[in-house]
Asks: 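Quick one: structure below, then a few questions.
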Amino acid sequence: MPELPEVETVCRDLQVDVAGCRVESAVVLGPRSVRRHPDPSVFVRRVAGRTVTNVGRLGKYLLLSFDGVPPQGVLVVHLGMSGQLHHAGDTGRWHRADRPPHTHVELALDSGATLRFVDPRTFGQMYVADRCEPAPGPPAVAELAHLGFDPTGDGVTGQELARMLAGRRRPLKAVLMDQRVVAGIGNIYADEILFGAGIRPGRPAGSVTTAEAGRLRRSMVDVLVQAIALRGSSLADQQYRDLHGAPGR
């Protein structure tokens with residue numbers, strides 16, 4: 001499953017190639033991918049004709065902000081286990097004329113490119129939510145209010161992390177992967193972070209000392225920032241690809 005570094009990589013690519021583009025039309029080929037809407041036509045109406053003004057990320061979720069009068073829409077994208085976004089044009093790895101299998105949503109952009117959501121296992125999804133606050137602040141979406149802190153964007157200290165872990169009996173790795181506690185960490189980076197901090201994954205989370213929590217917090221930043229710089233995972237199955245079809249490094 002794509003984790004924070006992979007989603008952040010796609011987010012930055014979208015900011016370059018999609019922000020400022022207008023969605024000329026939308027096609028839903030796989031209704032399961034827009035299942036939060038009562039009907040695919042609702043999704044199409046909410047995205048067609050809208051301009052993407054900004055692209056952000058919260059945990060493993062991509063947030064594409066739309067223009068327009070309040071309530072301003074936010075296209076929320078979760079890649080699930082096997083989802084990919086393809087920026088298909090006349091050049092590059094993805095081509096507009098070559099629709100790959102498992103393409104569930106297509107957005108035709110006024111730039112001439114097509115943004116495709118491809119997801120073989122169909123655990124991912126796209127939906128349009130309302131912003132909780134007016135522009136120009138970062139989009140807040142009620143559906144994502146349950147998510148915990150973002151380990152690269154929020155100023156949570158080691159002491160604060162220790163307080164979050166206090167009293168928890170579950171294994172520390174399981175708590176780090178709980179999106180209600182920390183948003184964006186999954187199996188790959190939980191292992192890397194714990195190794196970097198020198199803490200056993202199976203320890204009860206509440207047994208972590210303040211000093212260890214400080215090491216853990218620093219390791220989160222170090223591992224995730226390095227992974228973002230390397231543009232994400234390089235697993236052999238290559239389920240993860242960036243917006244232009246390249247695996248991570």
Side-chain angles (χ1 to χ4, degrees), residues 1-18 21 23-48 50 52 55 57-64 66 73-109 111-129 143-144 179 184 186-189 231-249:
M1 176 183 290
E3 300 178 29
L4 187 154
E6 290 76 45
V7 178
E8 177 65 22
T9 299
V10 175
C11 175
R12 294 182 183 189
D13 288 347
L14 287 167
Q15 185 64 38
V16 172
D17 292 309
V18 175
C21 292
V23 180
E24 297 285 351
S25 61
V27 177
V28 176
L29 302 165
R32 177 170 162 78
S33 293
V34 296
R35 57 190 175 271
R36 283 185 180 248
H37 294 286
D39 187 86
S41 63
V42 176
F43 174 84
V44 171
R45 287 198 303 271
R46 295 207 65 181
V47 300
R50 307 298 296 273
V52 178
V55 183
R57 178 193 56 76
L58 181 55
K60 300 178 186 179
Y61 291 84
L62 291 160
L63 305 173
L64 285 73
F66 288 139
V74 179
L75 176 59
V76 181
V77 183
H78 190 267
L79 299 176
M81 296 187 71
S82 61
Q84 298 175 348
L85 285 176
H86 295 188
H87 185 265
D90 294 327
T91 60
R93 287 181 171 87
W94 311 127
H95 297 279
R96 285 180 298 171
D98 301 328
R99 177 186 289 167
H102 311 294
T103 298
H104 300 304
V105 179
E106 288 188 336
L107 305 180
L109 307 177
S111 64
T114 299
L115 186 65
R116 291 191 175 110
F117 182 59
V118 180
D119 186 13
R121 301 189 68 178
T122 70
F123 289 113
Q125 58 178 310
M126 305 176 81
Y127 61 93
V128 182
E143 290 87 343
L144 303 182
Q179 302 304 294
N187 191 53
I188 296 172
Y189 295 106
R231 297 185 62 81
S233 166
S234 57
L235 289 178
D237 64 9
Q238 294 194 356
Q239 285 288 332
Y240 161 69
R241 295 293 186 99
D242 66 21
L243 193 65
H244 303 289
R249 300 196 302 272

Asks: Suppose we screen for side chain to side chain donor-acceptor pair (under 3.5 Å). Which residues come up paired with Arg35, at least two apart in sequence or across chains?
Replies: none
Asks: What residues form a side chain to side chain contact (heavy atoms under 4.5 Å, CB included) with Leu62, not counting sequence neighbours?
Replies: Val7, Val10, Cys11, Leu14, Leu64, Val77, Leu85
Asks: State which residues pass ring pair (Phe, Tyr, Trp, His ring centres under 6.0 Å) with Phe117; sequence neighbours excluded, sorted by chain then number.
Replies: none
Asks: Below 3.5 Å, can you tabulate the donor-acceptor pairs from side chains in residues 120-129 to any protein atom, sequence neighbours excluded?
Replies:
residue : atom : partner : partner atom : Å
Thr122  : OG1  : Arg32   : NE           : 3.0
Gln125  : OE1  : Arg36   : NE           : 3.1

Asks: Could you list the residues that satisfy side chain to side chain donor-acceptor pair (under 3.5 Å) with Ser82, not counting sequence neighbours?
Replies: Asp119
Asks: Let me confirm one number: the NE2-CG distance from His78 to Leu144, rounded to the nearest 0.5 Å.
Replies: 9.0 Å
Asks: Identify, with sequence neighbours excluded, every residue that meets ring pair (Phe, Tyr, Trp, His ring centres under 6.0 Å) alongside His86.
Replies: Trp94
Asks: Using the test side chain to side chain contact (heavy atoms under 4.5 Å, CB included), find all partners of Val28 that sit at least two apart in sequence or belong to another chain.
Replies: Val34, Pro40, Phe43, Val44
Asks: Could you tell me which residues satisfy side chain to side chain donor-acceptor pair (under 3.5 Å) with Glu24, sequence neighbours excluded, listed by chain and number?
Replies: Arg22
Asks: Which heavy atom of Phe66 sits nearest a heavy atom of Arg46, and at what distance?
Replies: CE1-O, 4.0 Å
Asks: With sequence neighbours excluded, tell me which residues meet ring pair (Phe, Tyr, Trp, His ring centres under 6.0 Å) with His244.
Replies: His87
Asks: Keeping to residues at least two apart or across chains, list the salt bridge (Lys or Arg N to Asp or Glu O under 4.0 Å) pairs with something in residues 92-104.
Replies: Asp90-Arg96, Arg99-Glu106
Asks: For Gln15, what residues pass the side chain to side chain donor-acceptor pair (under 3.5 Å) criterion, not counting sequence neighbours?
Replies: Asn54
Asks: Going by the salt bridge (Lys or Arg N to Asp or Glu O under 4.0 Å) test, which pairs reach into residues 5-18, not counting sequence neighbours?
Replies: Glu8-Arg12, Glu8-Arg57, Asp13-Arg231
Asks: If only atom types and distance count, is the side chain of Glu3 paired as donor or acceptor with the main-chain N or O of Lys60 below 3.5 Å?
Replies: no
Asks: Might you point out which heavy atoms bring Pro100 and Thr103 nearest each other, and give the distance in Å?
Replies: O-OG1, 2.7 Å
